[in-house]
Protein chains: 2
Amino acid sequence: MTRQQHAASTDQDLARTVKRSKAPAISRAAAVLRLLGKSENPLGVQAIARELGLVPSTCLYVLRALADEELVSFDPDTKRYALEAGVLTLARQWLRRNQFNDLAQPLLDRLAQTFGATMLGVQTMGLDHMIVVAISQSGQSFQLSTQIGSRFPALISATGRCIAAFGDYSEAELEARFSTLRWDEPPTFAEWKQQVSLARTQGFAVDQGNYISGVTVVSAPVWKARGKPSHALVATGIGSALKRSGLPELQDGLVSAARSLSNQLCGDVSADWT
Amino acid sequence: MTRQQHAASTDQDLARTVKRSKAPAISRAAAVLRLLGKSENPLGVQAIARELGLVPSTCLYVLRALADEELVSFDPDTKRYALEAGVLTLARQWLRRNQFNDLAQPLLDRLAQTFGATMLGVQTMGLDHMIVVAISQSGQSFQLSTQIGSRFPALISATGRCIAAFGDYSEAELEARFSTLRWDEPPTFAEWKQQVSLARTQGFAVDQGNYISGVTVVSAPVWKARGKPSHALVATGIGSALKRSGLPELQDGLVSAARSLSNQLCGDVSADWT
DNA sequence: CTTGGTTGTTCTATATATTGAATAGCACTC
DNA sequence: GAGTGCTATTCAATATATAGAACAACCAAG
């Protein structure tokens, strides 16, 4: 069972986005790409159109355009479409010019080695979700498998508490989002709010088996600029194992890594100004 | 100096694609994404429009749509656009359901270990280019750095000779493409044709310092179906080092790995037929 | 402070992308 | 072999995305 879940992008959502935008074809194209990404096997025109609430002919034109751009592959025999390798090229280009990754990776590697935990670097995307952009596996212990590019709802687990703590969102917004989350051991909203306050004073957040039973997650926010944190460093591991290798030390290491990263990222910006 | 080069996608090309397509916004969007990928730093609306020959207002709408889809990031302060992490999500999804990668990776790892070479798995995209989709570094020697997602012109180096040898393209097509290639030590078209013939009879191709002086590249084709090869396994290394660790053995290993891979990939297809 | 040359953004007429029905093909069942 | 239900695809009318100019906001130089 895979853990990640997106804000269910329904036909309704797509329809609204398409209406508002001045370039609806692009919203449709993105929806098609996401659908093909989710799907286990290649899909035909009708299946895609039905799933996304598109007109088949429009959907066909979208697919042809995407195939021309090598973002989608087309099998002439089966008339099925799937994602194509062109998306890889874009991803590499993004990774290349992303200083967060370059700076975070060695820090994550060191922490993973020291504490035998699986370390993640995540990028926050408002209250919608966060995206895993860097990973370091400890190698020895059994890993909690997550992959680069995975998306999680914004307020879940330890990082969710950080986002809530340092993002100054209204309580109404938070509660609305909170109510849609799925946890193994869901905290009440009151409990969660208290943990968020604690995170605000401590500078990091902990999830002790709420999101996944038996798994402890620690998260510390990273800033690229003043305002809401843009990223977070995350440590995950089996609760008992993390306790044995020293949870307080891990928390300290994580927080100081996150702080040094924030300094470097903000510093680079000011270097551009000169 | 980076080696890769794309078929220079000029404004002309884009203009033609846009005209032909029934969904021009998508071609524009793809062009914008590629441009942002190439660019070292974030770009403004005008710069993008100028570079791609787009109308600024249209360009703005494209960018806004892409930003809505989290494929492009927008900095409200500087009004600059760049690639966003959404492209990572798509790439991961592509990698997940790609059996070539799953099957090729262990073979590449073994060959890289045995021969101290940098191994690549590439996917061919017609006569336009090929894309690196899997990598295994030997770890010990200093690596010839290439990254997943890199694009190379189709007919370059050893893999180019394989594509020409097993793709049954007309000589006119080949010569047109061949003439645009950049090599360190360019072969004449006649020499190259001879090497292509050799590759056809041997079942693999070698590039001895043509593409990059001092670097030897060996490539063996992989088929996913009858017809043109869809992929290739590639070994690269310093010429002298490869000779020392046994070039004939490397060639044998590469060819047999490619053959076994072809069998598995085609076998899956025939399994679908039953 | 004004001027000149940028930039990003809004606005509206018109060329055109999108729609939904009609067409064409393919694989079954009867 | 005709019929049934599915596909993918084409086509022409119309709703609309786009182009180009006008606008606004900024910065640097005089």
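Lettering of chains follows the sequences in order, A, B, ..., and the numbering in each one begins at 1. The analysis underlying the following values was restricted to heavy atoms, covering all of them including side chains, and did not include hydrogens, waters or symmetry mates.
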Per B:K22 side chain, nearest of listed nucleotides C:dC11, C:dT18, D:dA8
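Ranking C:dC11, C:dT18, D:dA8 by closest atom to the B:K22 side chain puts C:dT18 first.
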- Query: B:Y81 has a side chain; which of C:dA17, D:dT9, C:dT9 sits nearest to it?
  - Reply: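 Side chain of B:Y81 sits closest to C:dT9.
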Original post:
Ignoring hydrogens and angles, does a donor from either the side chain of B:S57 or the base of C:dG8 sit under 3.5 Å from an acceptor on the other?
Top reply: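 No, no donor-acceptor pair under 3.5 Å.
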Is [X] near enough to [N] that one of its side-chain N or O atoms lies under 4.0 angstrom from OP1 or OP2?
X	N	value
A:R50	D:dC6	no
B:K79	C:dT9	yes
B:R28	D:dT18	yes
A:R64	C:dA17	no
A:Q46	D:dA8	yes

Rounded to the Å, how far apart are [X] [atom1] and [N] [atom2]?
X	N	atom1	atom2	value
B:L60	D:dA21	CG	P	17 Å
B:I26	D:dA17	CD1	P	13 Å
A:I48	D:dT9	CD1	C1'	15 Å
A:L63	D:dT7	CG	C1'	14 Å
A:D77	C:dC26	CG	P	12 Å
B:R80	C:dT9	CZ	P	11 Å

Report the distance from atom [atom1] of [X] to atom [atom2] of [Y], rounding to the nearest 0.5 Å.
X	Y	atom1	atom2	value
B:S170	B:L127	OG	CG	8.5 Å
B:Q123	B:N98	CD	CG	6.5 Å
A:S73	A:L66	OG	CG	11.0 Å

* Asked: Below 4.0 angstrom, N of the basic side chain to O of the carboxylate: do B:R177 and B:D128 qualify?
  ->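 Counted as a salt bridge, because a side-chain N and a carboxylate O are separated by less than 4.0 Å.
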Is it true that atom CZ of B:R259 has more than 12 heavy atoms of other residues, nucleotides or ligands lying nearer than 6.0 Å?
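Count not over threshold, so no.
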**OP:** Give B:V45 one of three labels, base, sugar-phosphate or nothing, depending on what nucleic acid heavy atoms sit under 4.0 Å from its own.
**Re:**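 Sugar-phosphate contact only.
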Hey, which sits more toward the 5' end of DNA chain D by its nearest nucleotide, A:Y61 or B:Y61?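 Result: A:Y61.
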